[in-house]
Structure formats: C-alpha cells, structure tokens
**Q** 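A single structure is presented below for examination.
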Amino acid sequence: MDIKSIILAAGKGTRMKSETSKVLHEIMGKPLLGYVLDNVKNIASENFVIVGHKAEQVTDYVEKNYKNSKTILQSPQLGTGHAVSMACKYLENFDGNILILCGDTPLITEETLKKFIEYHNSSNSDLTVMSAIFDNPTNYGRIIRESDNSLKCIVEEKDATPAQKAVKEVNAGIYCINWAKVKGAFSDLKTNNAQGEYYLTDIIAWGKNSGLSVKAYTMDENSEIYGINSRINLAEASKIMNQRTLSKLMTNGVTIVDTDSTWISEDTQIGTDTVILPFTYIEGKNIIGKNCKIGPCAHLRGGVEVADNIKIGNFVEVKKSKINSNTNVGHLSYIGDSELGERVNIGAGTITANYNPLTKEKSKTVLGDDVKIGSNTVLVAPVILEQGVNVGAGSVITKNIKAWSLALTRSPLRILENWVKSKLK
Ligand code: UD1
Ligand code: CA
C-alpha cells in the first residue's frame with residue numbers, strides 16, 4: 001500500500017523565543033524538520049508539511065531541500081486535527097496509508113517508523129497511534145484503554161481527570177492511518193475541550209465509534225519521541241543525537257577519544273581506524289576515509305570529502321573541500337572551496353582566501369599532487385598550483401603556478417649587525 005506523510009509544523013513554538021521557526025532550529029547544522037523529512041525519505045512517496053507560523057521560512061527550506069514534499073498553509077492554527085485536515089483536499093482520491101508526524105520531534109528513527117508501520121499492516125489496523133510508557137507523563141496526551149485493554153481514546157493533560165493523569169502510557173504524536181477509512185473523522189472533529197482546539201487525538205474515539213480497528217503500538221526507545229519546545233530541550237536533544245551518532249561510529253570501527261567533547265553530525269561517514277581527537281566539531285554532510293587522524297580541536301563545516309590516511313590537525317577548519325590520500329593539514333589552517341591532491345603538505349597557518357567580500361563571490365583553490373605549502377601562506381583564490389609546486393613560508397600566492405616550480409613572495413632578509421647595541425646607552 002502506498003504511504004504518504006503529513007508533518008505538522010505550523011505551531012508557534014512560543015517557548016523558543018525566536019524569530020526563526022521552531023522547526024528550523026538546528027542540531028549539528030541541520031534543521032529539526034530536516035531530520036523528520038530524512039527519516040521518512042525511504043518510507044513515504046510524498047510528504048505534506050503543514051506550515052503556519054513563519055510559513056515563508058519553512059516553505060523556502062522545504063522547497064530547496066526536499067523535492068517530493070509540498071507545504072500547505074494552515075492559517076489560523078486551530079489545533080493538530082485542523083492541521084491535518086488542511087491536507088484533505090490534496091488527498092481526495094488517495095487510497096493508502098498516511099503517516100502523521102510532528103516537525104519538532106527529530107529523534108525518531110527510520111527503524112522505529114518501519115516497525116510501527118509493519119505493526120499497523122500486520123495487525124490489520126485502520127488507525128494506529130504510537131505510544132510510550134513514561135515515568136513522568138506530564139504534558140503528554142494519555143492513552144486510555146478499556147478493561148479488555150483495547151484502545152478507548154486519548155485525553156490531553158488539560159482535559160484529564162486525576163485518575164486519567166495517573167496513566168503512564170502517553171501519546172507519542174505519531175499515527176498511521178488508512179486514509180480512505182479515517183478521512184471522514186476530520187470533518188467531524190469538535191472543539192469542546194479545555195483548549196478550544198480541533199484535537200487530532202480525537203480521531204481515536206471517532207475510529208472506535210465508527211467500528212474501525214484502532215490500535216496502539218508501544219515503542220521502547222523513549223528518547224526517540226523527545227519533543228523540542230524550548231532551547232533547553234534543543235540542547236538536550238542535540239546531546240542525545242550526538243551520543244547516538246558517536247556510538248554508531250565507534251561500533252563501526254572509528255576511535256572517538258572523548259565522547260563528551262566531540263560532536264559529529266549523523267550525515268558524516270567515517271572509515272575504519274580513523275581517530276577523532278577531543279574537541280572536534282563536524283557538522284553537515286561529510287565523507288572521511290580510513291586511517292585518518294582528525295583533531296584535536298578541528299572543525300569540519302560540511303561538504304568535506306577526505307580520502308584515506310589524512311591528517312587534519314589542531315585548530316584547522318575545513319569547508320566544502322576534497323582532500324586526497326596521504327595529505328596533511330597539520331595546524332592552524334583554513335581550507336575552504338579547495339581541492340588538495342595526494343601527498344600534499346600544508347604548513348602551519350596556511351589560509352585559502354576563498355571569499356571576496358566586495359563581490360561576495362567564493363573561489364576555488366586547487367593544489368596538485370605533492371604540493372608543499374610553507375607555513376603562513378595565503379592562497380588567494382581562484383588559484384591553481386600544479387603538481388610538485390613548493391611555496392616558501394610567508395608567501396601570498398595570487399597567480400597560477402606551473403608544475404615543480406618554487407614560488408615565494410618573501411621580501412629579502414636584512415641583518416643590521418650590532419644595531420641593537422648601538423641604540424643602547
Ligand atoms: C500533542 C498531542 C499529545 C501528544 C503530544 C506528543 C494533540 C491534541 N495532542 O500535544 O496528545 O502527547 O503531541 O508530542 O494532538 N501544530 C500545527 N497546527 C496547529 C497546532 C499544532 O501544525 O494548529 C503542530 C505543532 O507545530 C507541533 C505539533 O503540531 O509540531 C504538535 O503540536 P503541540 O501544540 O506541540 O501539541 P502537544 O501539546 O505537544
Ligand atoms: Ca509538542
């Protein structure tokens with residue numbers, strides 16, 4: 001059966017206190033909404049993102065980054081049920097399952113979503129909600145069951161009786177529904193609740209009263225449904241996400257010397273026997289080869305492709321660059337928009353000047369195999385240094401240089417003997 005997703009992202013996110021939409025706040029250089037969309041990319045054939053607060057920002061991000069996704073404006077925002085109903089007119093003849101997710105829940109994984117859908121299908125459910133058991137269920141909707149354990153309804157915290165508040169099974173906010181059978185619910189939702197909103201959660205009772213098969217799938221990785229409502233939540237989620245990524249890398253043969261001070265984005269691939277030293281920060285999409293040594297205190301900003309046996313040392317920043325095998329960028333350098341050949345050595349303090357602040361243009365630096373750059377060199381891009389070129393320390397390179405040449409812009413050294421002494425009384 002075809003699956004499409006609806007992702008709720010119209011809410012205000014008041015507690016973020018931000019000019020940026022909540023779902024565009026980032027973890028390791030990727031917006032929260034990006035995590036959710038990436039998780040469904042192998043599951044859903046099309047995604048509908050419901051936008052409202054800061055709609056233009058969110059629409060812009062989705063259109064630039066996710067081709068099979070469409071944003072739908074919800075204005076005003078009258079609740080989660082109202083949000084889903086915005087997609088109805090695009091799904092009139094749709095005859096598959098709809099997966100509903102929230103844009104502020106980035107820690108959910110593809111594996112869990114697949115198990116959830118598998119449960120929905122194999123149990124012949126028409127409407128499945130994901131639940132979890134929380135020691136402290138405060139603020140979540142509670143899953144209310146009948147005496148025979150079948151689902152009855154979901155009650156929001158603000159509408160719950162003391163007995164209902166004591167229930168520890170909570171609504172994770174993720175649903176899988178047989179669209180043709182459940183779509184009728186969205187015109188029947190009412191606002192007779194504590195918040196005066198159209199609650200998506202009311203589709204559970206609706207389904208039951210309509211004689212549908214309604215089920216809950218209880219997941220066991222509670223951290224996956226951690227929702228972001230504040231910047232404190234954002235920091236916490238970033239930590240959880242990072243530890244998860246580091247564990248996966250270590251399991252796959254990467255050494256992480258200090259898991260507390262190392263940050264690596266989940267979109268970074270790293271080969272076996274590579275060692276990541278403390279205080280290294282790697283964000284965005286990167287590919288790092290085998291047997292490399294990165295850090296301490298290195299910063300990879302995304303778009304970095306590194307072959308095997310590379311050294312990127314302390315206080316080195318690399319952005320959008322390709323580095324071939326056996327090359328060293330040992331200390332205090334900036335490598336941006338560059339291509340470095342094999343066996344290149346970059347002396348300490350070398351900078352690729354890739355940005356012209358007047359034209360706002362970025363330009364490329366290309367270094368052939370075996371190029372050796374002396375310390376404290378500025379490579380003013382666009383510039384090409386062919387194979388084997390050597391550059392003397394302290395040079396400013398503004399022209400292309402032919403293979404195996406020596407280039408230096410150093411002014412001659414003057415030595416005035418006894419000059420200091422002559423100045424002393
Ligand atoms: C919701 C559930 C609750 C569940 C919790 C899980 C309802 C009524 N309650 O509560 O049972 O335990 O999620 O995290 O559904 N949104 C819109 N349009 C709106 C309102 C909200 O797009 O009009 C979006 C928000 O941007 C957010 C998501 O829907 O991404 C959830 O809304 P939120 O207000 O955070 O619901 P909760 O109170 O967390
Ligand atoms: Ca929420």
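These values consider heavy atoms only, across backbone and side chains, with no hydrogens, waters or symmetry-generated copies.
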**Q** Suppose we screen for side chain to side chain contact (heavy atoms under 4.5 Å, CB included). Which residues come up paired with P106, at least two apart in sequence or across chains?
**A**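 Partners of P106 by the side chain to side chain contact (heavy atoms under 4.5 Å, CB included) criterion, ordered by chain and then number, come out as I27, L32, Y35, I228.
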**Q** Using atom types as modelled and distance alone, determine if a side-chain donor or acceptor of E386 lies under 3.5 Å from a backbone N or O of A403.
**A**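 A pair under 3.5 Å: yes.
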**Q** Looking only at non-hydrogen atoms, find the nearest pair between I373 and L379 and report the distance.
**A**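 Heavy atoms only, the tightest pair is CD1-CD2, 4.2 Å.
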**Q** Taking atom CG of N68 and atom CZ of F48, what is their separation to the nearest 0.5 Å?
**A** 10.0 Å
**Q** Could you give me the CA-CA distance, side-chain angles and deciding distance for S5 and N47, then say whether side-chain hydrogen bond (donor to acceptor under 3.5 Å, both in side chains) is met?
**A** CA-CA 5 Å; S5 87; N47 310 303; 2.8 Å; yes
**Q** Quick one: pull up CD1 in I98 and CZ in F94 and give me the separation to the nearest 0.5 Å.
**A**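 Reported value, rounded in 0.5 Å steps: 4.5 Å.
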**Q** Ignoring hydrogens and angles, state whether a donor on the side chain of E197 or H82 is under 3.5 Å from an acceptor on the partner side chain.
**A**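 Short answer, no.
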**Q** Answer yes or no: is there a donor N or O on one side and an acceptor on the other, between the side chain of S122 and the main chain of E118, under 3.5 Å?
**A** yes
**Q** Within this structure, what is the NZ-CZ distance for the pair K152 and R145, rounded to the nearest 0.5 Å?
**A** 13.5 Å
**Q** Taking C-beta and beyond as the side chain, do Y198 and T80 meet within less than 4.5 Å on heavy atoms?
**A**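 No, side chains not in contact.
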**Q** Please determine whether a side-chain nitrogen of the Lys or Arg among E111 and K115 lies less than 4.0 Å from a carboxylate oxygen of the Asp or Glu.
**A** no
**Q** Any side-chain donor-acceptor pair under 3.5 Å between T112 and E224?
**A**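 Yes, a side-chain donor-acceptor pair sits under 3.5 Å.
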**Q** Return each pair, listed once, that meets ring-ring contact (aromatic ring centres under 6.0 Å, His included) where at least one residue sits in residues 293-312; pairs must be two or more places apart or across chains.
**A** Y281-H299
**Q** Quick one: does T268's side chain have a donor or acceptor within less than 3.5 Å of a partner on I264's backbone?
**A** no
**Q** With distance as the sole test, does D202 use its side chain to make a donor-acceptor pair with the main-chain N or O of L189 at under 3.5 Å?
**A** no
**Q** Do the non-hydrogen side-chain atoms of L8 and V84 ever get within less than 4.5 Å of each other?
**A** yes
**Q** Heavy atoms, side chains only, cut-off 4.5 Å: are V329 and L340 in contact?
**A**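 Of all side-chain heavy-atom pairs linking L340 with V329, at least one is under 4.5 Å.
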**Q** With sequence neighbours excluded, tell me which residues meet side chain to side chain donor-acceptor pair (under 3.5 Å) with T255.
**A**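 None.
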**Q** Shortest non-hydrogen contact from A216 to L151?
**A** N-CD1, 3.8 Å
**Q** Locate the shortest heavy-atom distance separating I282 from M28; write the atom from each residue and the value.
**A**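 Looks like O-CE, 3.3 Å.
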**Q** Do D2 and S45 get their side chains close enough for a donor-acceptor pair, meaning under 3.5 Å?
**A** yes
**Q** So, the side chain of T280 versus the backbone of I276: is there a donor-acceptor pair under 3.5 Å, distance only?
**A**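 Side chain of T280 to backbone of I276: no pair is present.
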**Q** What pair of heavy atoms forms the shortest contact from S405 to K402, and how long is it?
**A** OG-O, 2.7 Å
**Q** When you compare the side chain of V306 with that of I287, does any pair of heavy atoms fall below 4.5 Å?
**A**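 I287 vs V306: side chains apart.
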**Q** Starting at CD of E339, measure out to CD1 of I384 and round the result to the nearest 0.5 Å.
**A**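 One gets 9.5 Å once the value is rounded to the nearest 0.5 Å.
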**Q** Would a 4.5 Å heavy-atom cut-off, applied to side chains only, mark N328 and I310 as touching?
**A**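 A side-chain contact under 4.5 Å is absent here.
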**Q** For E317, give me all partners under salt bridge (Lys or Arg N to Asp or Glu O under 4.0 Å), at least two apart in sequence or on another chain.
**A**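 By the salt bridge (Lys or Arg N to Asp or Glu O under 4.0 Å) rule, E317 matches R301.
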**Q** Tell me if a side-chain donor or acceptor on S18 pairs with a main-chain N or O of T20 at a distance below 3.5 Å.
**A**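 Yes, the answer is positive, given that a donor and an acceptor are paired below the 3.5 Å cut-off.
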**Q** Using the rule side-chain contact (heavy atoms from CB on, under 4.5 Å), only one of L408, T377, T365, V389 pairs with I397; which is it?
**A**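 Between I397 and the candidates, side-chain contact (heavy atoms from CB on, under 4.5 Å) is satisfied uniquely by T377.
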**Q** Run the numbers on N171 and Y175 for side-chain hydrogen bond (donor to acceptor under 3.5 Å, both in side chains), then give the verdict.
**A** CA-CA 9 Å; N171 169 22; Y175 313 78; 3.0 Å; yes
**Q** Any chance you could lay out the side-chain hydrogen bond (donor to acceptor under 3.5 Å, both in side chains) test for E305 and N286, step after step, and finish with the verdict?
**A** CA-CA 6 Å; E305 231 181 280; N286 308 282; over 6 Å; no
**Q** Please check: side-chain N/O of S123 versus main-chain N/O of Y119, any donor-acceptor pairing under 3.5 Å?
**A**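 Present.
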**Q** With side chains defined as the heavy atoms from C-beta onward, is the minimum distance between K319 and N354 less than 4.5 Å?
**A**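 Counting from C-beta outward, K319 and N354 do come under 4.5 Å.
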**Q** What distance separates N356 CG from S363 OG, expressed to the nearest 0.5 Å?
**A**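 The OG atom of S363 is 7.5 Å from CG of N356, to the nearest 0.5 Å.
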**Q** Compare every heavy atom of V62 with every heavy atom of S69, then report the nearest pair and how far apart it is.
**A**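 Heavy-atom minimum between the residues: CB-CG1, 3.7 Å.
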**Q** Please test N136 against T138 for side-chain hydrogen bond (donor to acceptor under 3.5 Å, both in side chains), starting from the C-alpha separation and ending with a verdict.
**A** CA-CA 6 Å; N136 176 9; T138 313; 2.5 Å; yes
**Q** Tell me whether Q57 contacts the main-chain N or O of S21 through its side chain, where contact means a donor paired with an acceptor under 3.5 Å.
**A** yes
**Q** Using modelled atom types and a 3.5 Å cut-off, is there a donor and acceptor pairing between side-chain atoms of R343 and backbone atoms of T327?
**A**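 No; zero donor-acceptor contacts below 3.5 Å.
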**Q** Using only heavy-atom distances, determine whether the side chains of N97 and K4 contain a donor-acceptor pair under 3.5 Å.
**A**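 There is no such pair between these side chains.
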**Q** Please report whether the ring centroid of F186 lies less than 6.0 Å from that of W179.
**A**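 Yes, they do, as the ring centres are separated by less than 6.0 Å.
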**Q** For the CD1 atom of I256 and the CD1 atom of I270, what is their distance to the nearest 0.5 Å?
**A**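 That separation rounds to 6.0 Å.
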**Q** Just by modelled atom types, is the S125 backbone N or O under 3.5 Å from a matching donor or acceptor in the T128 side chain?
**A**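 No; judged by distance alone, with no hydrogens or angles, the pair does not exist.
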**Q** Sort and list the pairs that fulfil ring-ring contact (aromatic ring centres under 6.0 Å, His included) and have at least one residue in residues 308-338, not counting sequence neighbours.
**A** none
**Q** Strictly by ring-ring contact (aromatic ring centres under 6.0 Å, His included), give each pair with a member in residues 335-363 just once, sequence neighbours left out.
**A**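 Qualifying pairs, neighbours excluded: none.
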**Q** Mark yes when over 12 heavy atoms from residues, nucleotides or ligands other than N42 sit less than 6.0 Å from its CG; otherwise mark no.
**A** yes
**Q** List the atom of G336, the atom of S321, and the distance in Å for their closest heavy-atom pair.
**A** C-OG, 3.6 Å
**Q** When you compare the side chain of L113 with that of L101, does any pair of heavy atoms fall below 4.5 Å?
**A** yes
**Q** Between K30 and D38, does any side-chain N to carboxylate O distance fall below 4.0 Å?
**A**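 Judged by the 4.0 Å cut-off on N to carboxylate O distance, K30 and D38 do form a salt bridge.
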**Q** Does a sphere of radius 6.0 Å around NZ in K322 hold more than 12 heavy atoms from other residues, nucleotides or ligands, not counting ones at 6.0 Å or beyond?
**A**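 Atom NZ in K322 is not packed in, count stays at 12 or less.
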